[in-house]
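For reference, the structure is listed below as structure tokens.
Computed from a predicted structure; not experimentally measured. Residue numbers begin at 1 in each chain, while the letters A, B, ... track the order of the sequences.
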Amino acid sequence: MPELPEVETVRAGLASLITGATISAVEVRRDSCVRLLPGGAAEFAAAITGTTIRAVVRRGKFLWCELDSMEALSAHLGMSGQFRVHHGAVVPAPHSHCRARLLLEVGSQTMTLDFLDQRTFGYLHAEPLIATSDGLPGGQGSDTAMVPASVTHIARDALDPHLDPASAAMTMRRGSRGIKQVMLDQTVVAGIGNIYADEALWMARLHPERPAHAVTSRQATDLLAAAQDVMREALAQGGTSFDALYVNVNGESGYFSRSLHAYGRGGEPCERCGRLLTRASIGGRSTHWCSQCQRRWAARGSRTARARGGT
DNA sequence: AGTAGCACCTGATTGC
DNA sequence: TGCAATCAGGTGCTAC
């Protein structure tokens with residue numbers, strides 16, 4: 001499942017290959033992949049054909065190309081989206097999961113950019129760029145940015161250097177939801193998905209269902225740092241892959257799945273204490289944790305436990 | 001306002 | 001063997 005490290009790997013790959021390219025032709029092979037546009041495939045093609053890609057940008061799991069038209073060609077990979085680039089004028093037959101194909105030109109060079117998406121939760125979109133500042137929900141810092149209209153509600157990226165960890169950690173402690181639910185809320189901090197949420201909670205020794213308001217300031221800070229650490233490490237290894245749904249623009253998988261401590265390891269021993277890891281569905285998402293290391297409530301003897309009369 | 005629940009979708013896997 | 005049920009899950013919408 002593409003989360004921040006996977007989407008960043010895709011962004012970097014695309015940026016190196018298609019920056020400066022002009023979109024010469026657009027073929028939408030499945031209309032639902034441009035479902036956000038009322039005018040469908042025709043509107044999509046009309047909006048981006050003839051434009052030149054200035055930059056490839058990302059916030060959280062949202063990805064977009066800045067176009068010279070001052071609009072954005074935006075994309076979300078959903079669960080299974082992939083971009084694949086082919087070089088040269090000889091264009092291979094499209095994959096059965098190919099939802100859209102763009103022809104690109106850089107000078108005399110021709111490229112084909114395919115958007116593949118087996119489970120079709122992903123999309124392509126053409127939309128205006130909106131200037132944003134620290135007025136963004138969950139956004140801190142003082143820089144300004146241009147983001148697509150559909151991304152204006154998304155919080156600052158978890159690895160954005162302008163993210164204020166103390167402020168983000170404070171936001172994470174609000175409300176009655178389980179802390180994992182909060183981590184997955186892209187309007188709080190952007191980029192954390194199901195895999196890295198479980199990993200960060202295991203590293204920070206926090207139960208996924210601990211209410212956000214029962215997480216201490218120190219714990220929230222540690223949890224955010226753990227999420228950043230695990231995603232930085234995954235990024236360095238080219239992203240996680242355990243089912244071939246995620247690949248980079250050259251079709252290669254990452255290696256980070258070998259480093260997972262919690263996700264997908266239900267029934268296996270915890271690497272810290274040996275207790276068998278629990279797997280359960282929480283909020284409709286498979287969740288993995290150690291019932292020994294990750295307690296739902298604060299440990300006996302802590303201020304919280306004493307206030308409640310202990311557990 | 002904040003939160004829970006569900007729809008969206010397809011292919012691999014599991015169960016009978 | 002074959003068909004049906006189950007599972008995976010990010011986002012956004014609706015309902016409470």
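- Listed by chain and number, the residues in a side-chain hydrogen bond (donor to acceptor under 3.5 Å, both in side chains) with A/W289 are A/H207 (sequence neighbours excluded).
- Between the CG atom of A/D185 and the C1' atom of C/dG10 there is a distance of 12 Å, given to the nearest Å.
- Residue A/H76 places at least one side-chain N or O under 4.0 Å from the OP1 or OP2 atom of C/dT11.
- Each side-chain hydrogen bond (donor to acceptor under 3.5 Å, both in side chains) pair with one or both residues in residues 31-52 of chain A, not counting sequence neighbours, appears once here: A/T22-A/T52, A/R30-A/S32.
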Show the distances under 3.5 angstrom between N or O atoms of the protein and N or O atoms of nucleotides 2-7 of chain B.
residue, atom, partner, partner atom, Å
B/dT3, OP1, A/S176, N, 2.7

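- Below 30°, between 30° and 60°, or above 60°: for A/H95 and A/H97 the angle between ring planes is between 30° and 60°, a tilted geometry.
- Per the geometry, NE2 belonging to A/H213 stands 20 Å off P belonging to B/dA1, to the nearest Å.
- Note: CD (A/Q82) to C1' (B/dG11) measures 14 Å, nearest angstrom.
- A donor-acceptor pair is defined here as one N or O able to donate and one able to accept, closer than 3.5 Å; no such pair exists between the side chain of A/Q228 and the backbone of A/L223.
- B/dT10 atom P lies 10 Å from atom NE2 of A/H97, rounded to whole Å.
- For A/Q186, a side-chain nitrogen or oxygen approaches OP1 or OP2 of C/dT11 to under 4.0 Å.
- Here C/dG10 presents its C1' atom at 14 Å from CD1 of A/I192, a figure rounded to the nearest Å.
- Here the options are A/R11, A/K61, A/R58, A/R59, the test is salt bridge (charged side-chain N to carboxylate O under 4.0 Å, His left out), and the partner is A/D157; only A/R58 passes.
- Partner A/I48 forms a side chain to side chain contact (heavy atoms under 4.5 Å, CB included) with one of A/L102, A/I53, A/L124 and no other, that one being A/L102.
- In this structure, CG of A/L116 is placed 15 Å from P of B/dT10, rounded to the nearest angstrom.
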Close N/O contacts between protein and nucleotides 12-16 of chain C (under 3.5 Å):
residue, atom, partner, partner atom, Å
C/dG12, OP2, A/H153, NE2, 3.0

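- For the atom pair CD1 (A/I18) and SG (A/C65), the distance works out to 4.0 Å, reported to the nearest 0.5 Å.
- Summarising the geometry, the separation between CZ on A/F121 and C1' on C/dG10 is reported as 8 Å, rounded to the nearest angstrom.
- The closest donor-acceptor contact from the side chain of A/E199 to the backbone of A/Y263 lies under 3.5 Å.
- The salt bridge (charged side-chain N to carboxylate O under 4.0 Å, His left out) test applied to A/R99 returns no partner, not counting sequence neighbours.
- Each end of the helix from B/dG2-C/dC16 to B/dC16-C/dG2 yields a helix axis from five base pairs, and these two axes differ in direction by 50° (to the nearest 10 degrees).
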Criterion salt bridge (charged side-chain N to carboxylate O under 4.0 Å, His left out) on A/E209 and A/R296, from CA distance to verdict: CA-CA 6 Å; A/E209 292 181 296; A/R296 183 168 184 144; 3.3 Å; yes
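- Between A/W202 and A/H261, the ring-plane angle classifies as parallel under the 30° and 60° cut-offs.
- A straight line from CD of A/Q118 to P of C/dG10 spans 15 Å, rounded to a whole angstrom.
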